[in-house]
Amino acid sequence: MQEKYLPTAIEAAAQAHWNATRAFNVAVDPAKPKYYCLSMFPYPSGKLHMGHVRNYTIGDVLARWHKMRGYNVLQPMGWDAFGLPAENAAIQNKVPPAKWTYDNIAYMKKQLQSLGFGLDWDRELATCRPEYYKWNQWLFLKMLEKGIAYKKTQIVNWDPVDQTVLANEQVIDGRGWRTGALVERREIPGYYLAITKYADELLADLEKLPGWPERVKLMQANWIGRSEGVRFAFPYELDGKAEKLWVYTTRADTIMGVTFVAVAAEHPLATHAAKSNPQLAAFIEECKHGSVMEADLATMEKKGLPTGLFVTHPLTGEKVPVWVGNYVLMGYGEGAVMGVPAHDERDFAFAKKYGLPIKQVIAVPGQRFSLEAWQDWYADKEKGVCVHSGKYDGLNYQQAVEAIAADLAALGLGEKKVQFRLRDWGISRQRYWGCPIPIIHCASCGDVPVPEEDLPVVLPEDCVPDGSGNPLNRREDFLACTCPKCGRPARRETDTMDTFVDSSWYYARYCVAPATREKNDRMVDEGTAYWMPVDQYIGGIEHAILHLLYSRFWSKVMRDLGLVAYDEPFANLLTQGMVLNHIFSRRTEKGGIEYFAPDEVELKRNEAGQIVGATLKADGSPVDYGGVGTMSKSKKNGVDPQALIEKYGADTARFFMMFASPPEQTLEWSDSGVEGAYRFLKRVWAFGYQLKQQQASTGASGLRREIHLLLKQANYDMAKLQFNTVASACMKMLNALEKAPADPHAREGFSILLRVLSPIAPHITHALWIELGFGEDILKAPWPEPLEEALAQEEQELVLQVNGKLRGAIRVKVGADRTAIEAAALASPEAQKFMAGQPAKKVVIVPGRLVNIVV
RNA sequence: GCCGAGAUGGCGGAAUUGGUAGACGCAGCGGACUCAAAAUCCGCCGCCGCAAGGCGUGAGGGUUCGAGUCCCUCUCUCGGCACCA
């Protein structure tokens, strides 16, 4: 046995062993309980970042832990390989996205292997491979047949210079990222998936997910946003024709307080009014500039202009002015909203700004309505009753809504309606590097689906985008085809699918047997019946809504097509926190900000160890410390996992990641913390070396009880997925062992330490397990459980409090009754001192913990 | 703006879910070993106070024998907002 800890050699040997024994290649085995452990697959951006290392270490700890406890564990890996960054790289380097992507995959796969993750590489997939995306296309056609997929117009960011659609990320301060041109909102046709048809089930089934964090379920529920309200119309006349302006509201009880109606810039009424009103036309044009992002719309200044048109209030018959508002979006609901300034905060501000009347129609007893400023109770629907509302006066929220809905219905002008905030999923992207939408455009037959037997529609892999639109539009060999219906020459659709489509079902594809994959005549096979649902899904909190919701929806569609049997794809979810690092920067002479990597900088500390400044190592000039933030290229605060692995080994990287903070919290990078992890593993190795040389003595200490107590704690924490305290328990075990290396139970204790540590640091524990002769393969060793006999004790310590303040401790026999404990407590010198001769009013005893004497 | 989460020593974090606040580690300080350094090992380490003791979990209030943990108000930080993945 080597005296020195040599991670490089140890890790290579352990990985070779796992490969040779096919330790992580699994098959369906009905005799064993299964455990499907899945980490969100990476986008192949070039190399792994620390977020990946953290994500996959968490997964691997769980996978190895379950394997040692007898589960048949599936842990697969693949590549979310389509997406915008490949096109950006192509623009920069003039390399086809396909080549860039495949090169990245090859490099990142090596990195994953060097970290020792127990992955079944036989099941690897990449979403940019035709054999995978064929099934995106196939399911899309099925959805078309069932009416779940359909075509309508969508609003996109349009760069007028590059003549191309921009992603939200490519819009910076309202301008195109490459051209700097003011971005316009533009309507173009696109395909949608009717996720709203599943809104009710997606909401209700959140209750079937006890293994999901409450906050994620809450975010999803709020995103789906079920609301009960009233859809109703304001009648009006246009060019002599009777028309209706529809709106939706959850506050029908305030309908008598409507003093205006606001419509979107794209609304037909606005368009009509603009024809004879140049000022309005200019305003509408202005509204069309700017991004389509909701956050921008919500924070921008609310502006409006009257159209000069009026509609009729459906209940009072009064004339209500119609305004165009920049905050009303055509894509949401009806593209028009009623304005009730007295009881809606946004309408209140709008009315104040433009001098519109504010009419109070809700009163809360004891509160005085004032036009001075908005007060929160104006929007109250619990305590409020209707006033100034004619026949509805005195009704509460529920009564008023019922009465008003009934009256509107009688007039044929409205009805109660359940509405969702959730919108249908637009999947068309005007981009090259994605899954082609399998549609053919024929001059005489229209949009014709590609016949199933012609799938997949293969994306040519040699295009190099230049930023000026989708290069597929210039590929005659891709575009030219014949219409499946009439056989005449036709053109292929060049839009590709949103990459969220690719990631909505990959977890099911991993379950497919190799033979099915080979033939590729089915999207999924019987493997899903055994492996699905995923027992533990792990990924970033940033996916809490979209990816997870789309995957849930896609699963339900597959279920309704009879492809799978499960309702929900992910039984348990762990949302891991981000990896942060220190940020150093300074102002440049030009007024910009220059960032410095943490290893270019030296920290200055005061006597207490507080950071008081930082200087550049190169020339000693001062830089500003900007706290911590997510690792990013632009801030130069990323840490390359590869350098870390090469310097310390995979086990150190894994151990630090697990130890530094609990999985769900953010993790702050610390070079000295990594050193600490390395130091610990060196001590583990050194202790193993020492233990191998020496003979055990007979002088038993408290070591055994201590180790088993720590084991109990570690198992409890492991079940809670709190790996930082599991790592800490390992450190405590080693501290205890180092204090009593000659204890007769030292070997037993070390074997427990190795097994508890092995999911986190699998290589070093694999090597030591063999060196010390505990067995052939620690992966096959049973997970340790604490022994009652080792934990037993005769006496225990109870904390002594007087009036809730800690004053000392008493020792009592285990199982002592209340009287005995109380007597011991009252007799103790600390109690005597702090009771100061006063009698005890009450003695609170918490068994096994404390005694509190109240005087 | 809306939805969600968080705040504990110089730092990362722990606290068996209402019962000894600061486990474990990092940094710092002191010492041993060394020609020296690194590595390693030992000790100290919330704040105030000579001490007895007091104070202390973002701020303010409340419930309780007892609050980091529960309730109310506020501040700040982070994640998401539908074409980044």
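Chain identifiers are assigned alphabetically (A, B, ...) following the order of the sequence lines, protein sequences preceding nucleic acid strands; residue numbering begins at 1 within each chain. Both backbone and side-chain heavy atoms feed into the values below; hydrogens, waters and symmetry mates do not.
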(request) To the nearest Å, give me how far apart CG (A/N88) and P (B/A85) are. (result) 10 Å

(request) With heavy atoms under 4.0 Å as the rule, sort A/Q154 into base, sugar-phosphate or nothing. (result) base

(request) If the glycosidic angle is within 90 degrees of 0 it's syn, otherwise anti, so just tell me which one B/G9 is. (result) syn

(request) If the plane angle is over 60° it's perpendicular, under 30° parallel, otherwise tilted; pick one for A/W433 and A/F82. (result) perpendicular

(message) Taking the minimum atom-to-atom distance to the side chain of A/K805, which one of B/A85, B/C26, B/C55 wins?
(response) B/C55

(request) Go through B/G80, B/A27, B/C3 for me and flag the one nearest to the A/N222 side chain. (result) B/C3

(message) Taking atom types as they are modelled, would you say the side chain of A/R683 forms a donor-acceptor pair with the base of B/U40 within the 3.5 Å cutoff?
(response) no

(request) May I have the distance from A/N724 (atom CG) to B/U16 (atom C1'), rounded to whole angstrom? (result) 14 Å

(message) Need the pair for B/G1. Rule: Watson-Crick or G-U wobble, both distances under 3.5 Å, any strand; none if unpaired.
(response) B/C81

(message) Can you tell me the base-pairing partner of B/A36? Count Watson-Crick or G-U wobble geometry only, both distances below 3.5 Å, and say none if there is no partner.
(response) none

(message) Using O4'-C1'-N9-C4 for purines and O4'-C1'-N1-C2 for pyrimidines, with syn meaning within 90° of 0, is B/U75 syn or anti?
(response) anti

(request) Name the closest nucleotide to the A/R849 side chain, picking from B/U20, B/A82, B/A85. (result) B/U20

